[in-house]
Amino acid sequence: MNLSNSLVWFRRDLRAFDHAALHHALSASQQVYCVFVYDTEILAGLPKDDRRLRFIHASLASLDAELRRLGGYLIVRHGSARDEVVALANELDVDVVHACTDVEPAAIARDLDVAERLLQQGRALLTYKDQVIFGKAEVLTLAGQPYSVFTPYKNAWLKRLAAQPETLAAYPVDACAHAFAPPTSPAALPALEDIGFTSGEAPLPAGMEGAEELFEAFMEDIADYGRARDFPFEDSTSRLSTHLRFGTTSIRHLVRTAQQLMLSGAGGDGARVWLSELIWRDFYAMVLAQNPHVVERAFKPAFDAVQWDAGHEADALFAAWCEGRTGYPLVDAAMVQLNTTGFMHNRLRMITASFLTKDLGIDWKRGERYFALQLNDYELASNNGGWQWAASTGCDAQPWFRIFNPVTQSTRFDARGEFIRRYLPQLAKLDMKQIHAPWLVTPEALAERGVVLGKDYPAPVVDHDAARRLTLERFAVVKKAAAVTV
Ligand SMILES: Cc1cc2nc3c(=O)[nH]c(=O)nc-3n(C[C@H](O)[C@H](O)[C@H](O)COP(=O)(O)OP(=O)(O)OC[C@H]3O[C@@H](n4cnc5c(N)ncnc54)[C@H](O)[C@@H]3O)c2cc1C
């Protein structure tokens, strides 16, 4: 066996700069091969026209082009990733497979399996932190325990970064590029049709260039982020979540920039607030890694006692929510945004998740799974954290007795109804008072604006005040459980 050959296994890190595994492999090997596997274990559950596959496909083309520029190339396989990687390591006779660590329980199980099978062949799997700034046990309380509240976690995170600024140092790739195994054939990545999916345009600018394009556009506006980020119509957030999800940008690069803008004062308050959002991402990754039970159950066990509605009526309400037919315009407009673009603004994720759990009484896990299918940026840790926050079952969650009023949220965050009009053109002629709650407008006044309730747009599927009372009753079991525990 040639002891100086290695294989870099790309998963959710589709870039060729500031890349921990690539850097370590290139620094320690004579020849470095690169592989990405379209993993049938993941693809099996996805619809044929899944938007994310188009993003991945375009990002792989960009990654391959960049690797070729550096002197290497990307091998792309389709099959069970665990089998393909072990087989390829054997075929290429490498001694080490390098990859970036993943915190999702299924990925951890897969990696353990691959490590074991490689070991049987006398090879090793080495993994490196890359996806987050601080891993699951790097930011702990003074008592050595993981945090369960965000603000103290954030303060400790910032303190640790101040003490260890080298954490943000980039992992260079160019300097050791001579170790790439040269291409054996001209570029020819499989088409999406070859792996059973439909091709088409990516849902947002893809690959490393796509990330840079969004990043640069966002840098123009970052100073105003703190104010504008809550207003969906303004499109004022970075839209980098899908790039962070697939690793087409580097979290270190983003945090470094936010920090520099804060220090120079050029980023206004926006840079500080944006950095805080990036820390939420680390926080939820830590929560998942420390508490893998959250995948199936409430973070706080007492909340597993909450009885969500099920059965025919709940199924019909769930379908209305998924399809944007609840009769609450901002909720519906948000769901249309999700269904048609694969993105939903953060404020709207909170509002729709709250509506599903607190107004419709439906289990957060159903909503979480729906988001998982639809979101371009879907990633287990943040999605689970966001859902458990909204459902009040999670870590540092919204208290269960504080229930979003979907109409108040609409008048606050889409005061002029501009977002609603963008996604629900049938309501476009309603004025800025009518548009938040069309059922409160007389049928005559609605007809003047071309809307017949129940025909052009649904009547509300629930009454918010009644739903609110039911939710308070539903969560009373938690209060009782807590009282018994105390
Ligand atoms: C119910 C619910 C589900 C969510 N599901 C996901 C998901 O599957 N994937 C995902 O990346 N984010 C998820 N979020 C968090 C957040 O909504 C998105 O990260 C954000 O809307 C992405 O837009 P952006 O890139 O323009 O964000 P920006 O406002 O520009 O923020 C920058 C980055 O910070 C991170 N971030 C921002 N807010 C949060 C947050 N609350 N939690 C964790 N990270 C955050 C993201 O990586 C984001 O790209 C969810 C939030 C909720 C309430």
Side-chain angles (χ1 to χ4, degrees), residues 12 52 55 103-104 131-133 150 153-154 157 203-205 210-211 214-215 217-222 224-232 234-251 253-255 257-258 267 270-288 294-295 321 331 334-335 337-338 341-358 364-398 404 409:
R12 45 183 298 179
R52 291 163 296 195
F55 182 89
V103 295
E104 297 192 3
Q131 198 183 308
V132 291
I133 300 296
F150 176 69
Y153 170 84
K154 181 175 92 172
W157 188 102
L204 70 162
L214 291 175
F215 173 72
F218 177 63
M219 284 302 116
E220 303 276 313
D221 301 327
I222 191 169
D224 196 28
Y225 176 80
R227 178 204 64 81
R229 61 187 275 270
D230 255 331
F231 302 100
E234 296 201 24
D235 284 335
S236 60
T237 63
S238 70
R239 298 283 180 121
L240 282 166
S241 49
T242 307
H243 288 281
L244 282 164
R245 165 67 183 89
F246 293 106
T248 37
T249 189
S250 143
I251 183 65
H253 165 51
L254 302 189
V255 170
T257 310
R272 187 190 55 80
V273 180
W274 195 58
L275 177 60
S276 183
E277 296 307 311
L278 296 173
I279 303 174
W280 269 106
R281 180 175 170 275
D282 261 26
F283 178 66
Y284 282 140
M286 177 278 291
V287 170
L288 173 64
V294 297
V295 176
W321 177 84
V331 172
M335 295 307 288
Q337 180 185 37
L338 176 66
T341 69
F343 182 78
M344 190 195 284
H345 186 278
N346 181 58
R347 168 64 45 185
L348 301 176
R349 294 186 205 205
M350 296 195 282
I351 295 173
T352 52
S354 172
F355 190 83
L356 185 76
T357 52
K358 308 280 179 62
W364 60 269
K365 291 194 268 324
R366 290 185 79 177
E368 187 204 22
R369 278 194 293 269
Y370 188 73
F371 270 28
L373 268 182
Q374 296 292 337
L375 281 173
N376 298 328
D377 65 22
Y378 165 64
E379 57 110 6
L380 179 55
S382 298
N383 196 44
N384 185 284
W387 272 95
Q388 295 224 35
W389 180 90
S392 302
T393 58
C395 202
D396 200 6
Q398 168 93 322
F404 276 5
Q409 291 286 314

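Predicted, not measured: the structure shown is a model, and the values here were computed from it. Counting starts at 1 for both ligands and their atoms, in listed order.
- In summary, the atoms of ligand 1 found under 4.0 Å from a heavy atom of Tyr378, numbered by their order in the structure, are 8 (O).
- The backbone N or O of Ser276 sits nowhere less than 3.5 Å from a side-chain atom of Trp157 that would complete a donor-acceptor pair.
- Numbered from 1 in the order shown, with element, the atoms of ligand 1 that lie under 4.0 Å from a heavy atom of Leu244 read 47 (O), 49 (O).
- The distance criterion of under 3.5 Å between nitrogen or oxygen atoms is met by Ser238 with respect to ligand 1.
- Residues meeting the side chain to side chain donor-acceptor pair (under 3.5 Å) test with Asn376, sequence neighbours left out: none.
- Looking at atom 48 (C) of ligand 1, its nearest protein heavy atom turns out to be Ser241 CB, 4.1 Å.
- Gln398 and Ser392 form no side-chain donor-acceptor contact under 3.5 Å, judged by distance and modelled atom types alone.
- Proximity of Phe283 to ligand 1, defined as any heavy-atom pair under 4.0 Å, is not found for any part of the residue.
- Taking a cut-off of under 4.0 Å to the non-hydrogen atoms of Trp274, the atoms of ligand 1 that pass are 28 (P), 30 (O), 31 (O), 32 (C).
- The distance between the ring centers of Phe215 and His243 does not fall below 6.0 angstrom.
- Closest protein heavy atom to atom 14 (N) of ligand 1: Arg349 NH1, 3.6 Å.
- No donor-acceptor pair under 3.5 Å is formed between the side chain of Thr249 and the backbone N or O of Ala211.
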*Could you go through the salt bridge (Lys or Arg N to Asp or Glu O under 4.0 Å) check for Asp377 and Arg245 one step at a time?*
CA-CA 6 Å; Asp377 65 22; Arg245 165 67 183 89; over 6 Å; no
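- Heavy atoms of Trp389 found under 4.0 angstrom from ligand 1: none, in either backbone or side chain.
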